[in-house]
Protein chains: 2
Amino acid sequence: MHLHLSRETIARTGLELIDRDGLEALTLRNIASELSVGVTTLYGHVRTRDEIVSDVVGLLLGEVDTTARSGEVWEEVLRRVATSVRAVAHRHPAAFTLVATAPVDEAPVLDYARAIEEASVAGGISEQRFIESWQVIDAFLTGFLMMEATALTRARAAEADDAGTTSDAFRGDMSKVHSDAAFAAALEIIIAGLRQKWGRE
Amino acid sequence: MHLHLSRETIARTGLELIDRDGLEALTLRNIASELSVGVTTLYGHVRTRDEIVSDVVGLLLGEVDTTARSGEVWEEVLRRVATSVRAVAHRHPAAFTLVATAPVDEAPVLDYARAIEEASVAGGISEQRFIESWQVIDAFLTGFLMMEATALTRARAAEADDAGTTSDAFRGDMSKVHSDAAFAAALEIIIAGLRQKWGRE
DNA sequence: ACCTGAACACCGTTCAAGT
DNA sequence: ACCTGAACACCGTTCAAGT
């Protein structure tokens, strides 16, 4: 009766649980009961809970559009990746923390970076300059989307509670800024900074 | 025999535990036994574990040098804050995840942002432009330092284990980039992008 | 008032046993 | 081979009881 129980099925179920009930719902016991299986059965397909977390990160980064398009220059590649990863963060806000805390030198994040590098180099940027630009842009994306995702998750959690009790002007200023326009503007600031630096070299 | 048990003592003990034994050591039971006190005693001074986490974030951000210096222009303020918060992340790598995942519209992070705004405005930047610049720089700092802190934490944890088994060239390229020079260069790229945008307005 | 052990409903993981 | 319940050593939190 096991519906193709596998590492991927386990990770996919885990992501569904996080999307539905929050990050703290990512539990071996929850996954097992969702799959109508004993808890210890999971250990036949997965070594530890951390392995499931890594697989979930892989699922999330797999949703990002990192394919190269012909005729696309590197700025366009980076804009498309930025928009795409932001969409993932908005679709899976509670799970996005896992992406932000994932080790950058291991499989899922490394594969993601490699794909973006390939598409960027195809877009006419040197490998060295790609690394320099991705260093800044990846850090920015991680930080920005982490903050947005945290705010989204908490807003969603507060839905069931009373109306908001926020009334601080500064707080409003700082959070309203998280918008499509602010995100795009920030990305352009970084690209402008890169272009200026390289123009001088 | 209670050594001034208070919210701050609890948070300070919690931070020491994280620094010594990692983030998963931040446990009510560990804090209590460190203070030679029953677990439930903590509930006399703290409502939930999350409150302790928020207090630890406050301690970390309190270590950042956000004071205004006379004669300092806004770029210098932002460089000093960046260097200072990076030092905090290096001193408390395991705890830094808490800063990155903390809600940006609540007390500890909000106070921190307010102090930097004040120093920056004293350094000759308008409030509107400060918000625009901090949006990018804060996201960059959060993302960059999160990655560094994660790498540091894992490297420290691997000390007790065997020698590293890493042998991938690309992985080396991507991680070596995390250096003082790369950090400073990234910050200058963002500042250059901001100046260019404002120069055109 | 302040502190507390016992208890509750959970965790991840191991292990010996079932089929 | 594959799956499993019971058990272990933990969690945060509550509650009624101690001093």
Side-chain angles (χ1 to χ4, degrees), chain A residues 1-57 94-95 97-98 101-103 106 153-154 157 160-161, chain B residues 1-57 94-95 97-98 101-103 106 153-154 157 160-161:
Chain A
M1 189 65 79
H2 47 86
L3 331 174
H4 304 295
L5 188 56
S6 68
R7 264 182 72 156
E8 192 182 341
T9 308
I10 291 171
R12 222 167 268 286
T13 306
L15 180 52
E16 281 166 19
L17 282 168
I18 298 174
D19 286 341
R20 192 207 304 155
D21 302 323
L23 189 51
E24 75 283 2
L26 186 71
T27 281
L28 294 186
R29 283 170 166 87
N30 282 346
I31 294 171
S33 92
E34 199 77 6
L35 294 168
S36 308
V37 118
V39 197
T40 51
T41 305
L42 300 177
Y43 282 91
H45 305 86
V46 138
R47 219 167 338 241
T48 71
R49 198 197 100 110
D50 275 358
E51 197 168 287
I52 301 177
V53 168
S54 177
D55 287 351
V56 170
V57 170
T97 308
L98 300 180
T101 57
E106 286 189 359
T153 302
R154 301 183 75 251
D161 299 9
Chain B
M1 188 67 78
H2 45 85
L3 332 174
H4 304 296
L5 188 57
S6 68
R7 263 182 73 156
E8 192 183 340
T9 308
I10 291 171
R12 220 165 269 287
T13 306
L15 179 52
E16 280 166 20
L17 281 168
I18 299 173
D19 287 341
R20 192 207 303 155
D21 302 323
L23 188 52
E24 75 283 2
L26 186 70
T27 281
L28 295 187
R29 281 170 167 88
N30 283 345
I31 294 171
S33 90
E34 199 77 5
L35 294 168
S36 308
V37 118
V39 197
T40 52
T41 305
L42 299 177
Y43 282 91
H45 305 86
V46 138
R47 217 166 344 239
T48 72
R49 197 197 102 111
D50 276 359
E51 199 168 286
I52 301 176
V53 168
S54 177
D55 287 351
V56 170
V57 171
T97 309
L98 301 180
T101 57
E106 288 190 358
T153 302
R154 300 182 75 252
D161 298 9

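Numbered from 1 within each chain, the chains take letters A, B, ... in sequence-line order. All values reported here derive from a predicted model rather than from experimental measurement.
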- Message: Under 4.0 Å, counting only non-hydrogen atoms across every strand here, what does B:G38 touch: a base, just sugar-phosphate, or nothing?
- Response: sugar-phosphate
- Message: Assess the residue pair A:L26 and A:I31 against the criterion (side chain to side chain contact (heavy atoms under 4.5 Å, CB included)); give the C-alpha distance rounded to whole Å, side-chain angles, the decisive distance to 0.1 Å, and a yes or no.
- Response: CA-CA 7 Å; A:L26 186 71; A:I31 294 171; 4.1 Å; yes
- Name all residues meeting the side chain to side chain donor-acceptor pair (under 3.5 Å) criterion together with A:D21; count only those two or more places apart in sequence or in a different chain, and write none if there are none. none
- Does DNA chain C take part in any stems of at least 3 consecutive Watson-Crick or G-U pairs (both distances under 3.5 Å), and if so, which ones? C:4-8 with D:12-16, C:12-16 with D:4-8
- Message: What contact category does A:L26 fall into here, base, sugar-phosphate, or nothing, at under 4.0 angstrom with non-hydrogen atoms?
- Response: sugar-phosphate
- Indicate, with a heavy-atom threshold strictly under 4.0 Å, whether A:T41 touches base, sugar-phosphate, or nothing. base
- Query: If every non-hydrogen atom of B:A11 is compared with every non-hydrogen atom of B:I52, which pair is closest and at what distance?
  - Reply: CA-CG2, 4.4 Å
- Message: Can you list everything that forms a side chain to side chain donor-acceptor pair (under 3.5 Å) with A:R7? Sequence neighbours excluded, please.
- Response: A:E51, A:D55
- Query: In residues 12-21 of chain B, which residues come under 4.0 Å of DNA chain D by heavy atom?
  - Reply: none
- Contact nearer the 5' end of DNA chain C, comparing A:E24 with B:H45: B:H45
- Query: For the pair made of CD1 in A:I10 and P in C:dG12, what is the distance, rounded to whole Å?
  - Reply: 13 Å
- Query: Of the non-hydrogen atoms in B:N30 and B:A25, which two are nearest, and what is the gap between them?
  - Reply: ND2-O, 3.0 Å
- Query: Does B:E34 have any side chain to side chain donor-acceptor pair (under 3.5 Å) partners at least two apart in sequence or in another chain, and if so, which?
  - Reply: B:R20
Please produce a list of atom pairs where a protein N or O lies less than 3.5 Å from an N or O of nucleotides 13-17 of chain D.
residue	atom	partner	partner atom	Å
D:dT13	OP2	B:Y43	OH	3.1
D:dT13	OP2	B:R49	N	2.9
D:dT13	O5'	B:Y43	OH	3.2

- Item | Heavy-atom side-chain contact between A:T97 and B:T97 under 4.5 Å | no
- Whole angstrom value for the distance that separates P of C:dC3 from CG of B:L5: 6 Å
- Query: Given atom CG of A:L42 and atom P of D:dC2, what is their separation to the nearest angstrom?
  - Reply: 15 Å
- Task: Kindly give the heavy-atom pair with the smallest separation between A:V53 and A:L98, and that separation in Å.
- Result: CG1-CD2, 4.0 Å
- Query: Considering all heavy atoms of both residues, which atom of B:L15 and which atom of B:A95 are nearest to each other, and what is their separation?
  - Reply: CD1-CB, 3.8 Å
- Task: Determine yes or no for a side-chain-to-main-chain donor-acceptor pair under 3.5 angstrom, with B:S54 supplying the side chain and B:D50 the backbone.
- Result: no
- Message: Under the criterion side chain to side chain contact (heavy atoms under 4.5 Å, CB included), I'd like the reasoning laid out for A:T27 against A:L17: C-alpha separation, chi angles, the key distance, then a yes or no.
- Response: CA-CA 9 Å; A:T27 281; A:L17 282 168; over 6 Å; no
